[in-house]
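Have a look at the structure below, then the notes.
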Amino acid sequence: MGLIKADEMTLNIGPQHPSTHGVLRLKVKTDGEIISEITPVIGYLHRCFEKHCENLSYEQVIPFTDRCDYIAAMNNNFGYVLAVEKMMEIQVPERVEYIRVIMAEYNRIASHLLALGTFGLDVGAYTPFLYMFRDRERILDLFELTCGARLLYNYMWVGGVSHDLPVGFMEASYRFLDEFEKNINEYHNILSYNKIFIERSADVGTMPKEVAIDYGVTGPNLRGSGVKWDLRKDEPYSIYDRFKFNIPVGKGLMGSVGDCWDRYWVRAEEMKESVKIIRQALDKMPRKGDVHEALPKKVRPPKGSIYFRTESPRGDLGYYIISDGTPTPLRIKMRSPAFTALSALSEISTGWMLSDVLVILGSLDIVLGEIDR
Amino acid sequence: MTIDNLILWFQSWLPFNIIVLFIIAVLIAALVIFAIMAVNALVAVYAERKISAFMQDRIGPMGQGPGLHAAKWGLLQTVADTIKLILKEDIIPKAADKKLFITAPFIIFLGAFIALAAMPFGPALIAADMNIGIFYILAVSSFGVIGIILAAWSSDNKWSLYGGMRSAAQIISYEIPAALSLVAVLLLAGTLSMQGIIESQAGTIWGFLPNWNIFNNPFSFLAFFIYFIAGVAETNRTPFDIPEAESELVAGFHTEYSGMRWAFFFLSEYGNMLVVSGVTVVAFLGGWQSLLQGAMEGAWWGLFWFLTKMTAVIFIMIWFRWTFPRLRVDQLMTVAWKILLPIALFNLFGVAIWTLIVG
């Protein structure tokens, strides 16, 4: 390869393509199957999130954060309400803190399940995708039980959550967690340690530590490259300092550190850690308490600005909020982890084959709603 | 019932010229083969949907079918699909090479269709018992690749072109290990005729094991796996479905096809499955020979055994598809040229030695 030089062909992947995980367009230059240049074109899902925020009150922004990363809406709510609460110096009740952590971690599992499942689809395995959706479905059922919504929850409010946990939530949770822990091994059997899957993902699209840091890649993608960086541990927010859990990092078990398989594996292991957190939270949670107790009458943060970041399933999700003392934020900027991950795509996927590029894209686990905002 | 027999039978009571009788007989045989392919597609698609559903913790199609809703089991789902396909708009892209675009699906279909002419469905059920039967099947089943390239090229679509090029490389590569593993069988059988190969597998080993080629000796056992893997690759099914890899190439070489034209691709895919599983059964699993020695033999039992074995092989193909991820195009070539081909060559050598020594 490389000796024969043919004419390069420009190929347009997307915006309507089964593997672009939304409406992403990739302009690729190909020499046969080999990709020599790749340019992501974004903006097909741009909905003026940040501009909208400037015309809405602080509470009204919450549903918009849902729609950014629609796969992990709880985590988006979480970061936003924490930022506003910090500006207003609101202390929420213990029970609310625990409920929020439980929901965020459940949503993290649901998001990772989708990421792993669709990654499997990119590699060509159809069945694991449906297995993972089966479990994701049960998490969504739990969310539906709690707040009535299955995808866009608007669950976390400034100073509380919209609904208390319903009767039967605890039992259903424990039942789900028991079964889910076993199912993770099932996924490993059918997908993770499948020879073909390893061939396709190990040593493919390796993202070295330095590249990941240079591009500002965060979350499982960064940890897949072997950097132990997780805001839940390194900059604990909410009550994450009370839980015992590990941060899985890519070790290059099947190939080199930071390949697609490592990114996949980190997500799979993170689900186990999330299960641990949920179990601890369920055990320690105060059994009684009013979740609406600390809701402020008016959400009107004092003049000033704040940058607050949390660990969403995709990485550091930051909110930069400028308040001028009115009920409407002057400016909200969202720092999207998927955006930075996508920016590293052309760096790590140049020189790979067409099939690999889509696998690498799948392993980065991008959500276009969050990239375009 | 071969075509020759049919002509003889017609001659006994029809006062026509032999050429007319020949045409009538061939048409009848063609109709039967077409019916076999169509029924196979209907049943196999339904089976595939249901099997995949059960493997994936779903229930699959349930709506269409006779009876009350709960008892329908989606039995008529494929019929409904067919009607949908017939009613669909037939789109030919403006930039397409119209003649080639229209011809391509038929060429692909033809490959599977004429291959079935030499398929022995029973002791007396074969359209044409040629003395070069297996050679003929190998030759015509690679015919389809021409259609694939034509379809890919004439669509004027980059994705189709990718699919077509991949497919051409893949099918041609996998022909070689497939053919070499079949040569091993020919050494054992000493004939190229399909019926001859089956007849050579009569009897038992050690009194209980049927004397099928798969059990005959260690080398033919290995040959079975080589042929089966190569056969799955030739049918373009997962884990070798890179020509139509959905997540990469949208739909590969048939991206631009719709309606019945697309259905012909579909029909020939299932037709190819039929051919590959048929050859597997004939060459390695004793064809229409009974599993139980001396029992359940005869013309109709032969058909029963053949179809049962074929169904089992097709089931394994379906099982593959819903279990494995897909290989990358260069890995696919590696498997063919660096793994299967050397093993097949070594294997051929082994079988030759075995036939010399053991007999």
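Below, chain A is the first sequence line, B the second, and so on; all start at residue 1. Fair warning: this is a prediction, and the values are worked out from it, not measured in the lab.
Checking side-chain atoms of B:Lys158 against main-chain N and O of A:Asn12 turns up no donor-acceptor pair under 3.5 Å.
Note that the CD atom of A:Glu199 and the CG atom of B:Leu332 stand 12.0 Å from one another [nearest 0.5 Å]. Expressed to the nearest 0.5 Å, how far CG of A:Asp356 lies from CG of B:Asp330 amounts to 7.5 Å.
The 12-atom threshold is not exceeded at CZ of B:Phe346, counting heavy atoms of other residues, nucleotides or ligands nearer than 6.0 Å. Crowding of A:Trp352 atom CH2: a count of heavy atoms from other residues, nucleotides or ligands under 6.0 Å exceeding 12. The number of heavy-atom neighbours closer than 6.0 Å to OH of B:Tyr46, taken from other residues, nucleotides and ligands shown, is above 12.
In terms of heavy atoms, B:Pro325 sits closest to A:Val123 at CB-CG1, 3.6 Å. Closest of all the heavy-atom pairs between A:Thr127 and B:Thr323 is OG1-N, 4.4 Å. The shortest heavy-atom contact between A:Met9 and B:Tyr162 is CE-CE1, 3.5 Å.
Between A:His17 and B:Trp159, the ring-plane angle classifies as tilted under the 30° and 60° cut-offs.
Using a 4.5 Å cut-off between heavy atoms, A:Phe197 contacts chain B through both its backbone and its side chain.
For the pair B:Arg328/A:Val204, a side-chain contact is recorded, criterion being any heavy-atom separation below 4.5 Å from C-beta on. Contact of the B:Val329 side chain with the A:Met353 side chain is registered, since non-hydrogen atoms from C-beta on lie closer than 4.5 Å. Within the 4.5 Å cutoff, no side-chain heavy atoms of B:Arg321 are placed close to those of A:Tyr126. Side-chain contact between B:Arg58 and A:Leu130: present, with at least one pair of heavy atoms (C-beta onward) separated by less than 4.5 Å. Annotation: side chain of B:Gln331 is in contact with side chain of A:Arg200 (closest heavy-atom distance under 4.5 Å).
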Determine, stepwise, if the pair A:Ser355 / B:Arg166 fulfils side chain to side chain donor-acceptor pair (under 3.5 Å). CA-CA 12 Å; A:Ser355 335; B:Arg166 283 179 177 191; 3.1 Å; yes
